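Worksheet for the structure shown next.
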Amino acid sequence: MQIVSSVVAMQRLAKNWRRAGTRVGFVPTMGYLHAGHLSLVKRARQATGRAGKVVVSIYVNPTQFGPHEDLAKYPRDLKRDLKLLREVGADTVFTPSDGEMYPGQTEGYFSTYVVEGNLSQSMEGASRRTHFRGVTTVVAKLFNLVLPDVAVFGQKDFQQVAIIKRMVADLNFPVKIIVAPTLRERDGLAMSSRNKYLAAEQRAQAVILYHALQAASAAVRTKPVTAARLRSDLKQFITAAPLARLDYVEFFDPETLVPVTPVKCGSQMALAVFFGQTRLIDNARL
Ligand code: AMP
């Protein structure tokens, strides 16, 4: 497994692959890998075949964190990540530094951002104002460095995938986006690098996100329910976890992300819940 940390070296490698007709699969991550990330790497391998190259990037992208968010304390363990990626058969790991990705940012040399203007206004975009601008910018940069044929993203970040797909279509990136299902812990909590922040009691109660998704599915199974009614019932439901503080719960069309009411089978639900400073997200098709 090859480890590349300079943008020039990454792009040179990618150009060589392209010239040789090698199919490239790409999985962008922020590291501190869990089984959910590794399932994306396996999916990329399926898409590229044994003759193809699977590239995983590990980069905690500063531009997608707000000024009071967890950039500085975001969990990192490169040694462990590399071991896991070697085991799962990744070919190349791209681990750039901030200086490589955003040279001269503090001096104002870096000043071009990719901004999606519609899907990024609600939910995560409303709670985290500059988040998606950072995501689209870094993913566009990574696509230009890795030159992938396919890129795999997790359904766990549902809104992110919708925005990336829109960016790829709007800006004509020659990349096929594959969406992989959310991997969960045994009790149903979606795997996330941020689960590490949770104290034991918070961790025990964090399963409330999954239970809320299940409760909403059950509620709409027999007949549609107005969004206001379902939201109010779920707010009540989530108080069963006293350490939980609901940020948002939304019901929307899975394609357009436009809010729906009444909510019915096939509607998408997403929610964000704080446990102390830790903010967890989850979503499902009801
Ligand atoms: P992150 O390292 O959090 O930026 O995530 C990198 C990629 O892994 C994104 O495409 C996520 O959607 C995906 N991912 C995160 N958690 C999971 C999970 N539990 N199951 C599947 N994919 C995931």
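Quantities reported herein were computed from a predicted structural model and do not represent experimental measurements. Read the numbers this way: they start at 1 and go in the same order the structure lists the ligands and their atoms.
Checked for salt-bridge contact, E100 and K141 miss the test: no charged N lies under 4.0 Å from a carboxylate O.
Contacts of P28 with ligand 1, taken as heavy-atom pairs under 4.0 Å, involve the backbone alone. Neither the backbone nor the side chain of R184 comes within contact range of ligand 1; no heavy atom lies under 4.0 Å. Heavy atoms of L40 found under 4.0 angstrom from ligand 1 belong exclusively to the side chain.
The closest protein non-hydrogen atom to atom 12 (O) of ligand 1 is D157 OD2, 2.6 Å. Of the protein's non-hydrogen atoms, M30 CG, 3.5 Å is the one closest to atom 4 (O) of ligand 1. The protein non-hydrogen atom at the shortest distance from atom 17 (C) of ligand 1 is H34 CE1, 3.6 Å. Considering only non-hydrogen protein atoms, atom 10 (O) of ligand 1 sits nearest to G154 N, 2.9 Å. Scanning the protein for heavy atoms near atom 23 (C) of ligand 1, the closest one is K156 CB, 4.1 Å.
For the side-chain hydrogen bond (donor to acceptor under 3.5 Å, both in side chains) criterion with N16, the lone passing option out of R19, R18, R12 is R19. The salt bridge (charged side-chain N to carboxylate O under 4.0 Å, His left out) with D282 is formed by just one residue from the set R184, K156, R194; it is R184. Tested against D233, the residues R229, Q236, R231 include a single side-chain hydrogen bond (donor to acceptor under 3.5 Å, both in side chains) partner, R229.
For the pair H37 and ligand 1, the shortest N or O to N or O distance falls below 3.5 Å. Backbone and side-chain nitrogen or oxygen atoms of L183 are examined, and one is located within less than 3.5 angstrom of a nitrogen or oxygen of ligand 1.
A cation-pi arrangement is present between R80 and Y32 under the rule of less than 6.0 angstrom and at most 45 degrees off the ring axis.
Per-residue contacts place F153 under 4.0 angstrom from the following atoms of ligand 1 (heavy atoms of the residue considered): 10 (O). Taking every heavy atom of T182 and a limit of under 4.0 angstrom, the matching atoms of ligand 1 come to 19 (N), 20 (N), 21 (C).
Remark: the Y102 side chain and the T63 side chain contain an N/O donor-acceptor pair separated by less than 3.5 Å. Side-chain contact of D70 with Q277: a donor-acceptor pair under 3.5 Å is absent, judged by distance alone. Looking only at atom types and distance, the side chain of Y248 has a donor-acceptor partner in the side chain of E124 under 3.5 Å away.
Residue contact check for ligand 1: P181 places a non-hydrogen atom closer than 4.0 Å to it.
A donor-acceptor contact shorter than 3.5 Å links the side chain of T29 to the backbone of S57.
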